[in-house]
Colleague: 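Let me give you the structure first, and then I'll get to my questions.
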Amino acid sequence: MTLTKADKIVVTCGLPYANGTAHIGHLRTYIPGDAYVRYLKRYGYDVVFFCGSDAHGAPIELAAEQAGVSPQKLIEKYHAHFEKIFRKLNIGVDLYGNTEAPYHYKRAQTIIRTLEENGYVEARDVALPYCNTCQTFLADRFLVGTCPYCGAIARGDECDQGCQRYLDADQLINPRCVTCGSPAVKRNARHHFFKLSMFTDFLTKFNKRLKGTALARNYALGWIRQGLKDWGISRDLKWGIPYPGDEDLVLYVWAENYAGYISFTEEWARQTGVDWEDYWIRDGKIINFIGADIVYHHAVFWPAILKGVNYNTAYAIVASGMVKVEGHGLSKSRGFVIDIEEDIIKQGIDLDAVRYYILSYTGYTKDLDFIWKDFQIRVNNELVGILGNYAYRVLLFIHKHFKKIPQGTLTDEVTSQIRNTVEAIDKTFHRFRFKEAADAAMLLASFGNTLFQQSEPWKTIKEERDRAQFDLYQCLQVLKAITILIEPVMPAISERIWQQLGQDGNIHEVKVEECTEPLVPGTKLPNPEALFTKIADETVEALTSRLNQRIESARAKAK
RNA sequence: AGCGGGGUGGGGUAGCCAGGAUAUCCCGCGGGGCUCAUAACCCCGAGAUCAAUAGUUCAAAUCUAUUCCCCGCUACCA
């Protein structure tokens, strides 16, 4: 079972949680997801792409409380923020949705109601921590107490300031309410449980035939082998989607957020006049791009829910590796974080260069260590030196001598070189090997540089003008192919080269077959401009010191 | 602790699933060339007991077992 051009493909990215700004970790999923979608389109597949804000859950309620604003205000702010980041980075979703939108409530509640009708949910009484002062049940995140291992002040889910161990809320010594400090007491509450254990066989089969990264499959299979427990899907919070039929409770955020993949499709389908059931009930091929940290939700809980309501489950789950910053695990509280808006956009960093760095750094499932110095080296050598230089030297030379596309016909060598690259990329992106795809396109630029070097047009232009024209025509065609093949990686740059090649039409809709379509001699060429600027040492120093300051102040705050 | 991923020249990486002759690519380093181009480009070269040990095999980076080291996840943080 592989993707075909007749398939209706839905690609989704894990939803960003709307309680903070976008950072480099987010991009590890969104940029490859977007590049994948763009490759599918370039190669003629029928694909739609969705993402959106995850708006509910205890941390948002807590963050809003601490900021003194309503949860609505908080998520509106971050929803707008992420929408803007997506636009700036050219992450071309067909809809950037929101799980706080009415269309999502409707879909999420319908799913739960259907699960209940089908007998997959049951209500049980459980004893949970409660605060008598605030008159509310306390989720793990709302509990503080003493860590049983190291004695530091710890939260109900982890010892975040001390030994970093994961904790069960029951382990905390002297558990208290995080809001008012009153001691937590146990109190009985009625909650709803999804009978996950009924789906053990289904989930085993599902994961065995699941495409995508091995990481996703193996995580889930290991988890299933350990035995599946039934899963609480209601919470005692004020903020969230009311539990259908038991409106004092809300749906647990992990029981409704990924329903956004469906509700966003529905909303997009409503706006564009197509039928969402083509994707989710009939023949859709669903592909989830996620971070490695949420594999369980996507390979265990979510497919079980989908199965329970008879919707299509994922064809592939593509799990990315984690991101490190200057050798340390990403951590906002410790300052090891690169903020997209503050540290990248406002610093004037080329966003296509960021896309390139993330895609070409390493294999998608491996950890990516974001280092500014390394970023500079890659940009200056590969983007400026190889790709940018190739485009500029060819276009400038031709513009200087001809001002239009020179006379020529394609040689077999150039045609087959391009064709080989087109085929190589076809194989790699289907296997989610985005680094290899980017490398293959860059290799074509190296090929072009060699071609230019060896044909020595700066000499032939003086004595054998026709010869120079013919050779330059080859170089220009190589550039055309690069432009099309690099579009999924660097859409903005690709647009600029396309324009500099004097081509009409939208590069984002050009198919790969165009790579070997000969350029039309005589087409006027505009004045070329350099595509990338070198990153100066001082810039790297400034960026690195920004980061170091953040790490320092985080360290000071912790003490 | 359990589960999962990884350890390849100075750095970062590909190859491992389907074992085969000189182990890939981007840098760095040494040498040469070119001068159209953002001191960019092109060519040549040095540099790796493929984490360790034991095994399977005519043949192991690749398969098996054990060990060491890094990282992630573990159901109420998303």
Side-chain angles (χ1 to χ4, degrees), chain A residues 14-20 54 56-60 62-63 128-129 137-143 155-158 160 166 168-169 191 196 213-226 228-232 235-237 252-254 257 291-297 300-301 319 321-322 324 329 360-363 365-369 371 373-374 377-378 380-386 388-398 400-401 433 435-436 438-440 442-443 445-446 448-459 461 468 472 475 528 530-534:
Chain A
L15 309 183
Y17 200 55
N19 74 337
D54 183 3
H56 302 125
I60 284 181
L62 188 62
L128 293 172
F137 284 95
L138 302 168
D140 284 4
R141 203 54 182 277
F142 285 84
L143 281 169
R155 304 194 310 215
D157 51 354
E158 66 170 324
D160 59 330
Y166 284 94
D168 277 337
H191 274 286
L196 187 63
T213 52
L215 188 72
R217 254 192 316 280
N218 293 339
Y219 263 54
L221 286 170
W223 181 279
I224 294 162
R225 239 179 280 123
Q226 288 171 52
L228 296 172
K229 294 187 262 177
D230 292 344
W231 184 49
R235 291 291 182 276
D236 233 307
L237 295 167
Y252 176 39
V253 64
W254 273 119
N257 58 6
D293 50 345
I294 52 175
V295 164
Y296 293 118
H297 302 96
V300 180
F301 302 140
M322 303 309 279
K324 293 191 285 185
S360 69
Y361 181 93
T362 185
T365 55
K366 288 206 175 181
D367 289 352
L368 182 157
D369 196 1
I371 299 169
K373 184 70 195 165
D374 188 51
I377 291 170
R378 299 285 303 272
N380 290 358
N381 282 315
E382 294 167 33
L383 295 183
V384 179
I386 298 174
N389 177 246
Y390 179 64
Y392 191 55
R393 76 196 291 207
V394 171
L395 288 165
L396 189 68
F397 193 90
I398 292 175
K400 210 186 297 180
H401 296 282
R433 306 288 189 109
K435 177 186 168 54
E436 288 175 37
D439 284 354
M442 291 302 281
L443 232 42
S446 282
N449 270 319
T450 309
L451 203 64
F452 191 96
Q453 189 75 24
Q454 289 175 347
S455 52
E456 303 184 311
W458 57 90
K459 285 183 185 163
I461 193 73
L472 289 166
C475 293
L531 300 172
F532 300 96
T533 340
K534 277 202 168 190

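Chain letters run A, B, ... following the sequence lines, proteins first, then strands; residues in each count from 1.
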Colleague: Could you list the protein-to-nucleotides 36-39 of chain B atom pairs, N/O on both sides, closer than 3.5 Å?
Modeller:
| unit_1 | atom_1 | unit_2 | atom_2 | d |
| --- | --- | --- | --- | --- |
| B:rC36 | O2 | A:R393 | NE | 3.2 |
| B:rC36 | N3 | A:R393 | NE | 3.4 |
| B:rC36 | N3 | A:R393 | NH2 | 2.5 |
| B:rC36 | N4 | A:R393 | NH2 | 3.0 |
| B:rC36 | N4 | A:Q453 | OE1 | 3.4 |
| B:rA37 | O2' | A:N389 | ND2 | 2.9 |
| B:rA37 | N1 | A:R393 | NH2 | 3.3 |
| B:rA37 | N3 | A:N389 | OD1 | 3.4 |
| B:rA37 | N3 | A:N389 | ND2 | 3.4 |
| B:rA37 | N3 | A:R393 | NE | 3.2 |
| B:rU38 | N3 | A:F532 | O | 2.6 |
| B:rU38 | O4 | A:L531 | N | 3.2 |
| B:rU38 | O4 | A:F532 | N | 3.2 |
| B:rU38 | O4 | A:F532 | O | 2.6 |

Colleague: Tell me, please, which residues at least two apart from A:L396 pass side chain to side chain contact (heavy atoms under 4.5 Å, CB included).
Modeller: A:Y392, A:P528

Colleague: Taking only N/O atoms, report every protein-nucleotides 69-71 of chain B pair under 3.5 Å with atom names and distance.
Modeller:
| unit_1 | atom_1 | unit_2 | atom_2 | d |
| --- | --- | --- | --- | --- |
| B:rC71 | O2' | A:D367 | OD2 | 3.2 |

Colleague: For A:N449, check side chain to side chain donor-acceptor pair (under 3.5 Å) against everything at least two apart and list the hits.
Modeller: A:R393

Colleague: List in chain and number order the residues that pass salt bridge (charged side-chain N to carboxylate O under 4.0 Å, His left out) with A:D374, two or more places apart in sequence or in another chain; answer none if no residue qualifies.
Modeller: none

Colleague: Sequence neighbours left out, what passes side chain to side chain donor-acceptor pair (under 3.5 Å) with A:K373? Give chain and number order.
Modeller: A:Q376

Colleague: Can you name the residues that form a ring-ring contact (aromatic ring centres under 6.0 Å, His included) with A:Y296, not counting sequence neighbours?
Modeller: A:Y219, A:W223

Colleague: Which part of the nucleic acid, if any, lies within contact of A:E436, taking any heavy atom under 4.0 Å across all strands shown: a base, the sugar-phosphate backbone alone, or nothing?
Modeller: sugar-phosphate

Colleague: Please enumerate all residues that pass side chain to side chain donor-acceptor pair (under 3.5 Å) together with A:N380, with sequence neighbours excluded.
Modeller: none

Colleague: The criterion is salt bridge (charged side-chain N to carboxylate O under 4.0 Å, His left out); which residues satisfy it with A:D230, sequence neighbours excluded?
Modeller: A:R124

Colleague: Using a 3.5 Å limit on both pairing distances, list the dot-bracket string of RNA chain B from the 5' end; Watson-Crick and G-U wobble pairs count, crossing pairs take [ ], interstrand pairs take |.
Modeller: ((((((((.[[[..)....(....]]].(((((.......))))).....[[[[[..)....]]]]])))))))....

Colleague: Could you tell me which residues satisfy side chain to side chain donor-acceptor pair (under 3.5 Å) with A:K459, sequence neighbours excluded, listed by chain and number?
Modeller: A:E456

Colleague: Applying ring-ring contact (aromatic ring centres under 6.0 Å, His included), can you list everything that pairs with A:H297, at least two apart in sequence or on another chain?
Modeller: A:W254, A:F301

Colleague: What interatomic distance, in whole Å, is found between C1' of B:rG12 and the corresponding atom of B:rG20?
Modeller: 28 Å

